[in-house]
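The next block holds one structure in the form of structure tokens; read it before the comments.
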Amino acid sequence: MSVSTANLGFPRIGDNRELKKGLENFWQKKIPESELNVIGYKIKLNNWFLQKELGINYIPSNDFTFYDHILDMAILLGAVPKKFLVIENPLDRYFAMARGFQNNEKKIDIVALEMTKWFDTNYHYIVPELEEFQIFKLNASKILHDFLDAKSLGITTRPVIVGPFSFLLLAKFADSKIEKSTLTLLDSLLPIYEQLLIALAQIGVEWVQIDEPCLCYDADPTKMKYFEKAYQKLNSLKLKPKLMLTTYFASVEKHIDLFSQLNFDGIHLDLIRAENQLEQALTKISPNTTLSLGLIDGRNIWKGNLNHAYSLLNYTVSKRNSNNVIIAPSCSLLHSPINLNYEEKLKSDIKKLLAFSVQKLEEINLLKRVFLTKNLVLLKENIEILANRNYANLNSQKINNENNFKLSEQFLKRKSPHAIRSEIQKIKLRLPNYPTTTIGSFPQTEQVRKMRANWRNGSISNENYSQFMQREIQQCISKQDEIGLDVFVHGEFERNDMVEFFAENLDGFAFTMNGWVQSFGSRCVKPPIIYGDVARKSALTVEWTTYAQSITNKPIKGMLTGPVTILQWSFCREDQPKKETCLQIALAIREEILELEKLGIKIIQVDEPAIREGLPLQKENWGNYLDWAVQAFKLATSGVKDETQIHTHMCYSSFGEILPAIIALDADVISIEMSRSQLELFSDFTKISYPNEIGPGVYDIHSPRIPSKDEIVSLLKKASLIFPKNKIWVNPDCGLKTRSWNEVEPALKNMVSAAKELRCNDT
């Protein structure tokens, strides 16, 4: 008897973030397209050989992308909006869809496709944009070449594609007025999938991994009819590879009967998120169907419980033919750092508890070896490490949860309702209608990053670093003054990341040197690791925020990351409920806010871009999460006086279904990313009257294009049809850290001019 091993996807950024560096050099015209292609090929090559060496039987191909795998599927299926066809070079067109395109000489100005969160992760995907009568056309060169390239090297891969059901649900109609479902395009789309599967079979592909992650949402009988139709047709093809239906992120237990009826060759189940679905799968799914078990967590960085995983494996084999069982991670390893071996400075007592992508594949291979040899001694080290781990004891400070979490209502409620606070704040701040501001960060130049790195490694003194930071802040304040903004920020030049920076000043966090994870395109983040109880050990933002306020009469907005986002964008400890950890973080942020207020900061922004992201995928679990997420934000922010204005910022999410929770946050001002969707998200706010103030993001900071004044005026006029003019703020859709000053300054000047025009129109 034997079992096989598989991987569902490997990180595509490269061991040393070669993809990030290559993309940014290409976009800046420092390297040609041919050199970028070489960088991509080397990453793929390294990934394939690495997985082969680690004993993986089913190695994925087509999981590498230069920007986003959903964008790649749109290209593969010929779903390229007509507005992008004016760009002749295919790669330039591809990046224009992701980032927008502007060429003043040729009078071309195209807004990028919308970008939003990939389920409940911090990865962002590009939303395909479809016509009502979309014509699809197969463009399979990339997926075919990847398979053949690997095959020429002696590596047989399992190509990965997104299935038609999820592709259509993840897409949107270009015309927001079209009310029917994108699934109505299924009949037009299925022939392209048929052509693709036939083409793959003709070059010798045995298996295709066909991802249908949208099955993790609540079962919708109407939508599932489309799923049934799709796979009745695809599974009946005479010439096709075997199909491994791949699900992840939640239970698909409600669909098991249908899966069985549709005669899939293989089905993958995420048993980390939903172990309970295994029993029904074993009961309902034919023993002739290959069952892929997601036994290793693809989304966190703690060692797997291999003894328990082995028990599930053994139990599964006892119920079916072992040749039809595959050991795999729960989902793609896209969400995990690459290799723990690079972490030479991580404390040994924490490092021994961790597993990155390479180590997760080693765990998968170890499970196979134990199964084949029945040598349980191979699990001894893992069992002992897990038995002796004690997260809290690793920490320098133990928090008394019993005292801290008996929170009375006074800790969770502002003194007065917003209507009263708002009048007090208007008197104190004296801001015009359509007040202008930014979301927080300003461009981090190469010099800023270099000086920060030199200070961290001790190459420059604290005094020299402080003097440098003061000069940067002075220049930033001067530029904001020249641009004409109404509310300033200090620029955040001291911050490496909006989560890692805060975590470095809190107890209970550990940090990696190379634990990078892709967020989108060239954007990578390095999530900190929460291993113990969290507490504020020193001031987080006070020094530079108060310095900025000391050199200007304009209000400086204090900038903090919220507790839910710090939690969600970290790798979180597993030994206590997330709620408890989140409330610990909230208490630390509360202390910082109160100190900022005491020192004269009148506006404080607490960013919560991850609050929608953390929402469970199935509605039955929403209530509990939203209760403690709102509680954490209010715990952090409700201690201030009425005159102190609390802002929050959210991005790349759909908010309609959780608007009551957003209202319950009781932030005085909320700023939201809306520019790529042309304020489509405002339709959510028409359903429930949002009572507080709002700042719709009026231009896309993830694109190099510079919006015109008229474009921004048009968006603000849309906003004014829904909100009173005295409740609308004017701001970009996110922080400006990744942009250059020559992009930022003209864009902000156009934004300020647009706000002034609307003020004039109102007089």
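Residue pairs meeting the salt bridge (charged side-chain N to carboxylate O under 4.0 Å, His left out) criterion with at least one member in residues 272-281, sequence neighbours excluded: D120-R273. Counting only residues at least two apart or in different chains, salt bridge (charged side-chain N to carboxylate O under 4.0 Å, His left out) contacts with residues 281-298 comprise D257-K284. For residues 263-296, every residue pair satisfying the ring pair (Phe, Tyr, Trp, His ring centres under 6.0 Å) rule, not counting sequence neighbours, is listed here: Y231-F264.
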| said: Go through it in stages, so that I can follow the logic: the residues are K223 and D218, the test is salt bridge (Lys or Arg N to Asp or Glu O under 4.0 Å), and I'd like the CA-CA distance, side-chain angles, deciding distance and then a yes or no. | reply: CA-CA 10 Å; K223 291 178 180 177; D218 291 311; over 6 Å; no
| task | I would like to know whether S671 and H647 meet side-chain hydrogen bond (donor to acceptor under 3.5 Å, both in side chains); could you show each step before the answer? | result | CA-CA 8 Å; S671 56; H647 290 225; over 6 Å; no
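Every residue meeting the side chain to side chain contact (heavy atoms under 4.5 Å, CB included) condition with K233, not counting sequence neighbours, appears here in chain and number order: L190, E194. The ring pair (Phe, Tyr, Trp, His ring centres under 6.0 Å) check on F136 picks up nothing, with sequence neighbours excluded.
For F119 and Y217, the ring centers sit closer than 6.0 Å to each other.
Scanning all heavy atoms of the two residues, the minimum distance from L234 to K240 falls at O-CD, 3.1 Å. Minimum heavy-atom separation, A667 to N692: O-ND2, 2.7 Å. The shortest non-hydrogen separation linking L293 to T316 is CD1-OG1, 3.6 Å. Between I327 and I364 the shortest heavy-atom distance is O-CG2, 3.6 Å.
Ring-plane geometry between Y67 and F520 is classed as tilted, the angle between the planes lying from 30 to 60 degrees on a 0 to 90 degree scale. In this pair, F259 and F227 present their aromatic rings tilted. The plane angle is within the 30 to 60° band.
Other residues, nucleotides and ligands contribute over 12 non-hydrogen atoms within 6.0 Å of the NZ atom of K368. For K229, the NZ atom sits in a loose shell: 12 or fewer heavy atoms of surrounding residues, nucleotides or ligands are nearer than 6.0 Å.
With F249 as the aromatic partner, R299 meets the cation-pi criteria of under 6.0 angstrom to the ring centre and within 45 degrees of the ring axis.
Side chains of N122 and Q568: no donor on one and acceptor on the other come within 3.5 Å. Side chains of E613 and W569: a donor-acceptor N/O pair is present below 3.5 angstrom, by distance only. Defined by atom type and a distance below 3.5 Å, a donor-acceptor pair is missing between the side-chain atoms of Q518 and R523.
Each of D265, I326, L8, D211 was evaluated against M244; a single residue qualifies, I326, per the side chain to side chain contact (heavy atoms under 4.5 Å, CB included) test.
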Determine all donor-acceptor pairs shorter than 3.5 Å in which one atom belongs to a side chain in residues 621-630; sequence neighbours excluded.
| from | atom 1 | to | atom 2 | distance (Å) |
| --- | --- | --- | --- | --- |
| W622 | NE1 | P616 | O | 2.7 |
| Y625 | OH | I611 | O | 2.6 |

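Salt-bridge check for K172 with E114: passed, with a basic side-chain N closer than 4.0 Å to an acidic carboxylate O.
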